[in-house]
Amino acid sequence: AAFSSAISTPGADDSVTVLAARSLVRVFEEDGDHASLADMLERMVKSDPEPSRRLEASQKLAELATGPLGDPAKAIVAWRGLLEGPTRARALTELEPLLLQMGDALGLAEVLKLRAADVVDIAEASAAWAEIVEVFGPTPDVLARWTPLLEALGDWDALARALALSAEVAPQEEKATSFARLGTVLRQRSRDFVGAVDAFRRALDLDPSDPPSRTALEQILAQEDVDAVLAAADVLEPLYRMESSRGGLLRVLAQRASRGRTSADRLHAIGEALALAETMPNERVRALDLAVQGVVEATQADLSPETWV
């Protein structure tokens, strides 16, 4: 009774109330009075001058609220108070299910980010960020933390998927650069040339002058992968026509002349490329080659070779 009186007396000295609270904690623990015990522990957390006792009281309060007291709101507050110092790892672990239980999406996202940031092992950290993306969806800040880990791990397929998400959620002024980076990873790491072309296409849809995308597509245009070459041609041809770039258009038509799907496609490209080359003084040798190529193609297609003479 004396301890209770000291606690409830208005204006009582803090040192007195702390001593009373310490004593009452033992009493309420023995009695199994969880609500009163939680009240005393909260007083100790706020007022006890000894850090070690405050820490002990905080842990007891968090465990009590999580367990016997069954007060998730109080437990969340208590575990949040334990995020600094040696109790951080456990506090983060305990907070996750509590925040899920309370439906606190923002709080859960914060906790998951803290856990991911604390992980030293790259693979574990990557898995933690992946969980955040899966639970809450992609956001630029989370993807910015995750993608370097995937790159360090050499997980190129996962990196490509993450970069695709990054490009979708990036600010409008950054989208072209993001799609170009995705194309670079698909081309150089995943060796998915057709997928790379599509990424570069999306970059150029946003910024037709994007240098990395145009350079990469020109390089793909000279590769052996027919699907990738024709896909690159599909992207570059309308750009070169719009810009009246005869050299660029001739390079595209030359590839279509050699790589076209059907004889009709190849002959059409040969005809246009030949007509274009004849207007370019520096391309007379190419014009002759195209004329010969047309004759051969026409002959193989059972067409009149005279058409190409």
Side-chain angles (χ1 to χ4, degrees), residues 76 79-80 82-207 210-217 219-220 228:
I76 288 170
W79 286 117
R80 283 190 183 280
L82 294 166
L83 285 174
E84 300 300 328
T87 56
R88 178 183 178 87
R90 184 183 176 193
L92 289 170
T93 300
E94 297 285 352
L95 278 167
E96 185 174 343
L98 290 167
L99 291 164
L100 278 170
Q101 181 182 346
M102 297 294 287
D104 185 350
L106 291 177
L108 179 59
E110 176 191 358
V111 164
L112 289 175
K113 287 181 182 180
L114 290 173
R115 288 185 67 184
D118 286 352
V119 177
V120 176
D121 182 87
I122 295 177
E124 290 182 12
S126 176
W129 288 113
E131 181 184 1
I132 295 172
V133 172
E134 182 178 355
V135 174
F136 298 102
T139 59
D141 61 326
V142 169
L143 291 166
R145 300 289 296 274
W146 186 26
T147 50
L149 300 175
L150 292 170
E151 192 164 8
L153 289 168
D155 191 345
W156 307 121
D157 290 342
L159 177 60
R161 291 192 294 272
L163 289 175
L165 294 174
S166 295
E168 295 295 344
V169 301
Q172 189 65 25
E173 65 274 13
E174 297 176 12
K175 282 185 177 292
T177 300
S178 297
F179 278 117
R181 186 185 176 200
L182 169 61
T184 299
V185 169
L186 287 170
R187 177 184 168 223
Q188 295 182 351
R189 300 298 188 178
S190 299
R191 313 300 288 175
D192 177 2
F193 298 116
V194 173
V197 169
D198 185 63
F200 292 131
R201 174 190 62 76
R202 297 190 68 176
L204 292 172
D205 284 345
L206 294 161
D207 179 6
D210 184 63
S213 297
R214 295 186 73 136
T215 299
L217 287 172
Q219 291 170 347
I220 292 173

Any side-chain heavy-atom pair from [X] and [Y] closer than 4.5 angstrom?
X      : Y      : result
Leu206 : Gln172 : yes
Arg90  : Trp79  : yes
Glu168 : Leu165 : no
Phe200 : Ile220 : yes
Asp141 : Lys113 : yes
Leu150 : Arg161 : no

Value rounded to 0.5 Å, distance of [atom1] in [X] from [atom2] in [Y]:
X      : Y      : atom1 : atom2 : answer
Asp210 : Thr177 : CG    : OG1   : 6.0 Å
Thr184 : Arg189 : OG1   : CZ    : 11.0 Å
Leu83  : Glu110 : CG    : CD    : 7.5 Å
Leu143 : Arg145 : CG    : CZ    : 12.0 Å
Thr93  : Leu98  : OG1   : CG    : 11.0 Å
Glu174 : Phe179 : CD    : CZ    : 12.5 Å

List the atom pairs, with distances to 0.1 Å, where a side-chain N or O of residues 120-135 and a protein N or O form a donor-acceptor pair under 3.5 Å, not counting sequence neighbours.
unit_1 : atom_1 : unit_2 : atom_2 : d
Asp121 : OD2    : Ala123 : N      : 3.1
Asp121 : OD2    : Glu124 : N      : 2.9
Ser126 : OG     : Trp146 : NE1    : 3.0

> Is a donor on one side and an acceptor on the other found under 3.5 Å between the side chain of Ser178 and the backbone of Ala170?
Replying inline: no

side-chain hydrogen bond (donor to acceptor under 3.5 Å, both in side chains) against [X], all qualifying residues, sequence neighbours excluded:
X      : value
Arg214 : Glu243
Gln101 : none
Thr215 : none

Heavy-atom closest pair, residues [X] and [Y]:
X      : Y      : value
Ala167 : Lys175 : O-NZ, 2.9 Å
Ala203 : Ser213 : CB-OG, 3.4 Å
Ala160 : Leu182 : O-CD1, 3.3 Å

> Is there a side chain to side chain contact (heavy atoms under 4.5 Å, CB included) between Asp118 and Arg115 once you walk through the steps?
Replying inline: CA-CA 5 Å; Asp118 286 352; Arg115 288 185 67 184; 5.8 Å; no

>> Run Asp205 and Arg202 through salt bridge (Lys or Arg N to Asp or Glu O under 4.0 Å) and show every step you take.
In response: CA-CA 5 Å; Asp205 284 345; Arg202 297 190 68 176; over 6 Å; no

>> Run the side chain to side chain contact (heavy atoms under 4.5 Å, CB included) test against Leu99 and tell me which residues pass, sequence neighbours left out.
In response: Ile76, Arg80, Leu95, Asp104, Leu108, Val111

> By side chain to side chain contact (heavy atoms under 4.5 Å, CB included), which residues pair with Asp192, not counting sequence neighbours?
Replying inline: Leu186, Ser190, Val194

> Are Arg88 and Leu92 close enough, and set up right, to give a side chain to side chain contact (heavy atoms under 4.5 Å, CB included), and what steps lead you there?
Replying inline: CA-CA 6 Å; Arg88 178 183 178 87; Leu92 289 170; 4.1 Å; yes

